[in-house]
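Just so we're clear, the structure is a prediction, and the values are computed from it rather than from any experiment.
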Amino acid sequence: MMDFGKIAVELVIGFFALFLITQLLGKTQITQITPFDFISALVLGELVGNALYDNDIGVVKIIFALGMWGLLVFLLETITQKVRKTRGLLEGRPSIVIHKGIINKKELKKSKLDIDQLRHLLRSKGAFSIQEVEYAILETDGTVSVLKKHPYAQPNNQELNIPVKSVTLPIPVISDGEVLMDNLDEFNLSEQWLLNEIKKIGYHTPQDIVFAEWEEGKPIYVMPYSEEDTTNN
């Protein structure tokens, strides 16, 4: 029982220590994974994982190791922000894999990417044929940015001479039958206003609704629970 208790304590401490380090280092550690970030994530995971089953390593040593590694990562992130010349080495550089409609085989080979993998990345950006692409850039996080040739590019509102309209953001106000009070408060909306709005379209309580969103100048959008969902509940 003592061993299970020790593992539980170390796991909880390791979990929150990793969470804290991730918060301190910023969201790029999650959303923009560079080769260096990938190595950092692996090492942090190994530090906690190995410590759980090593009787010679205690909580203090776990925190010390995580702290030291987090400090090293933080210092290197600071260096890349301050010293521009180090960014290529530590973060990598984007590669132009399609240039003026022609595949750059040299860059593909350097990036360890084959044609099938490139086509997969292009499809994820809505380009289902290589002949549609004028430029394709392989980013440092492994995604690809695509600039299509003129005949395949989507026209924008300005080109179509569509009158200018204000842009509004849809806000979720009900999720899984619960009112999202934080969202209502942010836009100075009251719960009573929400209840009145859903009653206007035939719903008595938020528990009848799986999702609802509000957008300024538009009627509230409601998605009710299906009969099957109601039966299961």
Side-chain angles (χ1 to χ4, degrees), residues 5 7-34 37-38 40-41 44-45 48 66 70 74 77 120-128 139 141-148 152-233:
I7 291 174
V9 171
E10 291 178 347
L11 183 61
V12 170
I13 292 175
F15 172 81
F16 283 105
L18 286 174
F19 178 78
L20 179 61
I21 289 173
T22 303
Q23 293 290 87
L24 291 174
L25 294 179
K27 294 181 179 179
T28 57
Q29 293 291 314
I30 302 173
T31 58
Q32 299 176 5
I33 300 296
T34 64
D37 297 331
F38 180 70
S40 298
L44 286 172
V48 176
L66 289 174
F74 176 76
E77 290 286 349
H120 167 74
L121 292 172
L122 293 176
R123 287 195 299 271
S124 70
K125 296 297 182 178
F128 285 81
E139 305 292 356
D141 61 355
T143 60
V144 66
S145 299
V146 174
L147 182 62
K148 291 186 176 182
Y152 304 100
Q154 294 182 352
N156 55 43
N157 290 338
Q158 187 176 12
E159 292 171 338
L160 295 175
N161 294 320
I162 295 176
V164 177
K165 295 181 179 180
S166 60
V167 178
T168 55
L169 180 67
I171 304 299
V173 289
I174 297 176
S175 180
D176 291 324
E178 294 186 8
V179 176
L180 304 178
M181 290 303 302
D182 289 343
N183 290 352
L184 290 177
D185 293 340
E186 186 175 349
F187 289 86
N188 298 319
L189 301 172
S190 67
E191 184 176 7
Q192 187 58 51
W193 167 84
L194 177 60
L195 295 176
N196 291 338
E197 289 297 311
I198 63 175
K199 284 181 180 178
K200 290 178 183 178
I201 49 180
Y203 300 101
H204 300 288
T205 67
Q207 285 75 28
D208 298 328
I209 299 169
V210 64
F211 179 79
E213 68 179 16
W214 168 81
E215 187 174 353
E216 186 176 357
K218 296 182 180 180
I220 190 170
Y221 170 77
V222 171
M223 181 183 293
Y225 280 104
S226 65
E227 292 183 5
E228 183 179 348
D229 292 331
T230 305
T231 303
N232 291 335
N233 290 336

*Closest approach of Ala212 and Val222, non-hydrogen atoms and distance?*
CB-CG2, 4.1 Å
*Tell me, which pairs form a salt bridge (Lys or Arg N to Asp or Glu O under 4.0 Å) where one or both residues lie in residues 208-226, sequence neighbours left out?*
Glu215-Lys218
*Euclidean distance, Ile209 CD1 relative to Tyr221 OH, rounded to 0.5 Å*: 11.5 Å
*Sequence-distant partners of Glu186, side chain to side chain donor-acceptor pair (under 3.5 Å), two or more places apart*: none
_Contacts of type salt bridge (Lys or Arg N to Asp or Glu O under 4.0 Å), residue Glu139, not counting sequence neighbours_ = none
*To the nearest 0.5 Å, how far apart are CG in Leu189 and CG in Leu194?*
8.5 Å
*Partner residues of Thr205 under the side chain to side chain donor-acceptor pair (under 3.5 Å) criterion, sequence neighbours left out*: Gln207
*Residues forming a side chain to side chain donor-acceptor pair (under 3.5 Å) with Asn188, sequence neighbours excluded*: none
*asked:* If you define the side chain from C-beta out and look only at heavy atoms, does anything of Val179 sit under 4.5 Å from Met181?
replied: yes
*Name all residues meeting the side chain to side chain contact (heavy atoms under 4.5 Å, CB included) criterion together with Pro155; count only those two or more places apart in sequence or in a different chain, and write none if there are none.*
Glu159, Leu160
*Sequence neighbours excluded, which residues qualify as side chain to side chain donor-acceptor pair (under 3.5 Å) partners of Ser190?*
none
*Lys125: side chain to side chain contact (heavy atoms under 4.5 Å, CB included) partners, not counting sequence neighbours*: Val144, Val146
*Between Gly177 and Tyr225, what is the shortest heavy-atom contact and its length?*
N-OH, 3.6 Å
*Validation row: Ile174, Trp214 side chains within 4.5 angstrom (heavy atoms)*: no
*Only counting residues at least two apart or in another chain, list the ones meeting side chain to side chain contact (heavy atoms under 4.5 Å, CB included) with Tyr152.*
Gln131, Glu132, Lys148, Lys149
*Which residues pass the side chain to side chain contact (heavy atoms under 4.5 Å, CB included) test with Leu180, sequence neighbours left out?*
Pro172, Ser175, Asn183
